[in-house]
Protein chains: 2
Amino acid sequence: MAYCWEHRLSRSNPRVLNTLERAGGFASAQEIYRLMQREGESIGLTTVYRSLQSLASEKIVDILRRDDGEAIFRLCGGAHHHHLVCKGCGDTVEIEGGEVEKWAKVIAEEYGFRDVGHTAEIFGLCEKC
Amino acid sequence: MAYCWEHRLSRSNPRVLNTLERAGGFASAQEIYRLMQREGESIGLTTVYRSLQSLASEKIVDILRRDDGEAIFRLCGGAHHHHLVCKGCGDTVEIEGGEVEKWAKVIAEEYGFRDVGHTAEIFGLCEKC
DNA sequence: AGCATAAATGAAAATGATTTTCATTTTCAT
DNA sequence: ATGAAAATGAAAATCATTTTCATTTATGCT
């Protein structure tokens, strides 16, 4: 008689997901780990990585890449936004990208791509720098 | 009297660029290095990386990312453009980003940023994949 | 030619994110 | 309460990329 292990609960997944939410829905594994540490949560870095992988395979989070190659995880369905980054001081503003969304959609259709995502970022010098 | 070292020639840059061309204009640093090794060229991995960085800062090549985060270098037509990349086979289409340019300009003005640039990339699965 | 100087080179070590290993702990149908 | 399978996490392994530093090379000057 076969056991059914379908309903195993992971203690970590919900905590990692919750932390990602509180981080603005946009963070790297290392950042999530450090955040949880700082808040006194007991979890291992390995588990953070595994939780994020599992959340990604369930399509609950998206995986993007920073310019330096570090993976950043983004809540799917959560407010999707872009960044305006100052090259001088590193200050970052979250911005809306309505026109970019439209642009990406149109282009993707034009070339017959499916399962489409995009990245867009603006960088320059802020008033202070 | 100040010397003028402007015209120093790197032996490596042209060789790396040439190898990237022969590799189909789309390869990682490690791949370029291995290719040059196999062909008996004498060059160090460090130098391959440095040449690619320098070619990138001269806008002769573009830097993209594989899904696993590895950097891939791509010969660039020169004009400013964006990319539509297939997550499956890596096929890349250069696309126009007129709306993105406008969007970036408007946002930058709104927040008082100057000396502004941007990146934008669309990724998904092409018809074949 | 010969010298001085700064850039270019590359081997080895360092870095840093991510994955793997493996021993231990937890979960849950029975 | 039991036991099989999954989850966990510390430490080690991986792997791309960067840094260090000693050596070589290119170039301008005399």
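A note on names: the letters A, B, ... follow the listed sequences, proteins ahead of strands, and every chain is numbered from 1.
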Student: Measure from CD on A:Glu31 to C1' on C:dG16 and round the result to the nearest Å.
Tutor: 14 Å
Student: Tell me the interatomic distance from B:Asp68, atom CG, to D:dT14, atom C1', rounded to whole angstroms.
Tutor: 13 Å
Student: Rounded to whole angstrom units, what separation is found between the CZ atom of B:Arg11 and the P atom of D:dT25?
Tutor: 7 Å
Student: Give A:Ser54 one of three labels, base, sugar-phosphate or nothing, depending on what nucleic acid heavy atoms sit under 4.0 Å from its own.
Tutor: nothing
Student: What does A:Ser51 touch in the nucleic acid at a heavy-atom separation under 4.0 angstrom: a base, only the sugar-phosphate, or nothing?
Tutor: nothing
Student: Please find the pair of heavy atoms, one from B:Cys126 and one from B:Cys86, that lie closest to each other, and give the distance.
Tutor: N-SG, 3.3 Å
Student: Whole-Å distance between D:dA7 P and A:Ile43 CD1?
Tutor: 13 Å
Student: Quick one: B:Asn13 CG to D:dT25 C1', roughly how many Å, whole number?
Tutor: 15 Å
Student: Under 3.5 Å for both donor-acceptor distances, Watson-Crick or wobble: does C:dA29 have a partner, and if so which one?
Tutor: D:dT2
Student: Nucleotides 16-18 of chain D: which of its N/O atoms have a protein N/O under 3.5 Å away?
Tutor:
| unit_1 | atom_1 | unit_2 | atom_2 | d |
| --- | --- | --- | --- | --- |
| D:dT17 | OP1 | B:Ala71 | N | 2.7 |
| D:dT17 | OP2 | B:Tyr49 | OH | 2.6 |
| D:dT17 | O5' | B:Tyr49 | OH | 3.3 |
| D:dT18 | OP2 | B:Gln53 | NE2 | 3.4 |

Student: Are A:His83 and A:Phe26 close enough, and set up right, to give a ring-ring contact (aromatic ring centres under 6.0 Å, His included), and what steps lead you there?
Tutor: CA-CA 11 Å; A:His83 292 115; A:Phe26 206 80; 4.9 Å; yes
Student: Using whole Å, what does the distance between atom P of nucleotide C:dT26 and atom CZ of A:Arg15 come to?
Tutor: 12 Å
Student: Is it the case that the side chains of A:Gln30 and A:Tyr49 hold a donor-acceptor pair, with the cut-off being a distance below 3.5 Å and no angle test?
Tutor: yes
Student: Within this structure, what is the CG-to-P distance between B:Leu52 and C:dA8, rounded to whole angstrom?
Tutor: 15 Å
Student: Please tell me which of the listed nucleotides, D:dT25, D:dG9, C:dG10, lies nearest to the side chain of B:Arg50?
Tutor: C:dG10
Student: Considering only NZ, NE, NH1 and NH2 on the basic side and carboxylate oxygens on the acidic side, decide whether A:Glu39 and A:Arg22 come within less than 4.0 Å.
Tutor: yes
Student: Applying salt bridge (Lys or Arg N to Asp or Glu O under 4.0 Å), run through B:Glu21 and B:Arg74 and close with a yes or a no.
Tutor: CA-CA 9 Å; B:Glu21 270 167 1; B:Arg74 187 169 187 299; over 6 Å; no
Student: Can we say A:Glu99 and B:Lys105 salt-bridge, meaning some charged N sits less than 4.0 Å from an Asp/Glu carboxylate O?
Tutor: no
Student: Less than 4.0 angstrom from a charged side-chain N to a carboxylate O is my criterion; do B:Arg15 and B:Glu41 meet it?
Tutor: yes
